[in-house]
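Below you'll find the structure, written out as structure tokens, and then a few comments.
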Amino acid sequence: MIPAFSTSLQLLGPELILAVGALVLLMVGTFAGAAANRLVTGLAVAVLLAALLWMWVYGENGLAFGGAFVLDPFGRFMKSLALIGSAATLIMSVGFAKDERFDKFEFPVLIVLCSLGMMLMIAANDMLGLYLGLELQSLAIYVLAAFNRDSLRSTEAGLKYFVLGALSSGMLLYGISLVYGYTGHTNFQAIASLLLGAERQLGLVFGLVFVLAGLAFKISAVPFHMWTPDVYEGAPTPITAFMAAAPKMAAMALTVRVTMEAFAPISLDWQQIIVFISIASMLLGSFAAIGQRNIKRLMAYSSIGHMGFALVGLAANSQEGVRGVVLYMAIYLAMTLGTFAVILAMRRKEGNAEQIDDLAGLSTTHPMMALVLTIMMFSLAGIPPLAGFWAKWYVFLAAIDAGLYALSVIGVLASVVGAFYYLRLIKIMWFDEPTTGFVPVAGELRLVLGVTAAFTLFYVLIGGPLGTMAQAAAASFF
């Protein structure tokens, strides 16, 4: 019993680092007072990077705590994306939080606790482990969305997200109870084994639908997207950047693991659901963004659309499809962080600017900032040879190989429609008359802008090793 327990602790070493780190940071912030706010942020980044380092140096594949959690190449890859997203968000938020006067030590502590929830979500191999990680992540985000208590918009965003999130959690729990009632198991492998040798029951399919509905809420897929535009707009911009990046990695990883492991024997049932929400997300994300004037709302609809594109790979139900999803999420993370770094840099002396028209003439006032945002917009639109093109290429190729021709055609058409509003931003930056310029870009934002722009622009040079890692991650299920 003791060796098994020690092995479980080693497998979940990164999660333990985050849990202990969050408690230590909470004590440091409590006893050191306001003077420790920046110190706690720096230490939180160090804790996140330490968890990442442990996972790659000491991480081994295996099951932990009686099969409730699993560490495999897929989990290791997706956990890395989540940790990188969390650390980058904290780095980007330093200057903004100080200017907006909400640089409190609770902010990085909540980010670390949310990251712990994401790690448990990605490692979940049991319905109870799934719910434990998901709720830990969600509770932290509810508080983060309403973190700026002096802002009415932020408070409203937190309340909306909490109410709708509680509804989705109820749906997820109901689905889990149905699955358990019809199978007698909560472990993913045990559920799959029972489904493999038994006749499919209608009640179980209802349970599957409710589970996928709860997960679709977390990736803001249609028709469970209604919270996304309001929460993205209302939450403080660093927290919006965090919600658009790291939690999406965990939620998509969990969706892939649940469908490819627990419900693999009834793939025909969940494929229909995934195809529907994929098409709906791509179309709504493409068309609804056209009339937006606030850049954070625009990115909300863009996020909905991109989750639809990523689900195209999952709908293929193949190793190449999962590989496409993994690569898509890695590239989406870089594009999102780069875009939100520009949004955070849109600051004037009187405060933050969020309207698309504020970007007018950016090429004249801040040429490098305009160049980076242009790269990101072209990549989000899927223009070759940038990284965003290859992200869509892999998922559409997997869908075509699986015979999902209609889904692929709709995806390509939705991508063309979505290119319109990305190109409109580029037109405003390069051809409109400049307005009042922004303050100089902070050093931490320049770092994120440079790294993400280089990744997006030169992806063709580094795509090989990343593709190999994604292939190994996808092989975890086959």
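As the structure is a prediction and not an experimental result, all values here were calculated from the model.
Using a cutoff of 4.0 Å between basic side-chain nitrogens and carboxylate oxygens, Lys427 and Asp432 are scored as salt-bridged. Between Glu233 and Lys296, none of the side-chain N atoms (NZ, or NE/NH1/NH2) sits under 4.0 Å from a carboxylate O, so this pair counts as no salt bridge. Asp230 and Arg297 are joined by a salt bridge, as a carboxylate oxygen and a charged side-chain nitrogen come within less than 4.0 angstrom of each other.
For Phe287, there are no ring pair (Phe, Tyr, Trp, His ring centres under 6.0 Å) partners two or more places apart in sequence or in a different chain. For Leu457, the side chain to side chain contact (heavy atoms under 4.5 Å, CB included) partners at least two apart in sequence or on another chain are Ile375, Leu386.
With a 6.0 Å cutoff to the six-membered ring centre and a 45° limit on the axis angle, Arg323 counts as a cation-pi contact of Tyr394. Because its NZ or CZ atom is both nearer than 6.0 Å to the ring centre of Phe309 and within 45° of the ring axis, Lys392 counts as a cation-pi partner of that residue.
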Practice problem: Starting from the C-alpha separation in whole Å, work towards a yes-or-no answer on salt bridge (charged side-chain N to carboxylate O under 4.0 Å, His left out) for Glu354 and Arg153. | Solution: CA-CA 13 Å; Glu354 294 182 1; Arg153 288 198 315 166; 3.3 Å; yes

Exercise. Would you please test Asp358 and Arg347 for salt bridge (charged side-chain N to carboxylate O under 4.0 Å, His left out) and show each step?
Key: CA-CA 10 Å; Asp358 293 323; Arg347 291 192 61 79; over 6 Å; no

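Counting only N and O atoms by type, the side chains of Asn125 and Arg257 include no donor and acceptor under 3.5 Å apart. In the model, Tyr421 has no side-chain atom that pairs as donor or acceptor with a side-chain atom of Ser302 under 3.5 Å. Ser138 and Tyr161 share no side-chain donor-acceptor pair at under 3.5 Å. Looking at Ser220 and Lys248, their side chains do bring a donor and an acceptor atom within 3.5 Å of each other. Side chain to side chain, His306 and Tyr328 meet the donor-acceptor criterion of an N or O pair below 3.5 Å. In summary, the side chains of Thr364 and Trp430 do not present any donor paired with an acceptor at a separation below 3.5 Å, with no hydrogens or angles considered.
Using cut-offs of 30° and 60° for the angle between ring planes, the Phe162 and Tyr142 rings count as perpendicular. Below 30°, between 30° and 60°, or above 60°: for Phe340 and Tyr232 the angle between ring planes is above 60°, a perpendicular geometry. Below 30°, between 30° and 60°, or above 60°: for Trp390 and Trp393 the angle between ring planes is above 60°, a perpendicular geometry.
Atom-to-atom distance recorded for Ile274:CD1 and Thr259:OG1 is 6.0 Å, nearest 0.5 angstrom.
Although no hydrogens or angles enter the test, the distance criterion places no donor-acceptor pair under 3.5 Å between the side chain of Gln137 and the main chain of Ser115.
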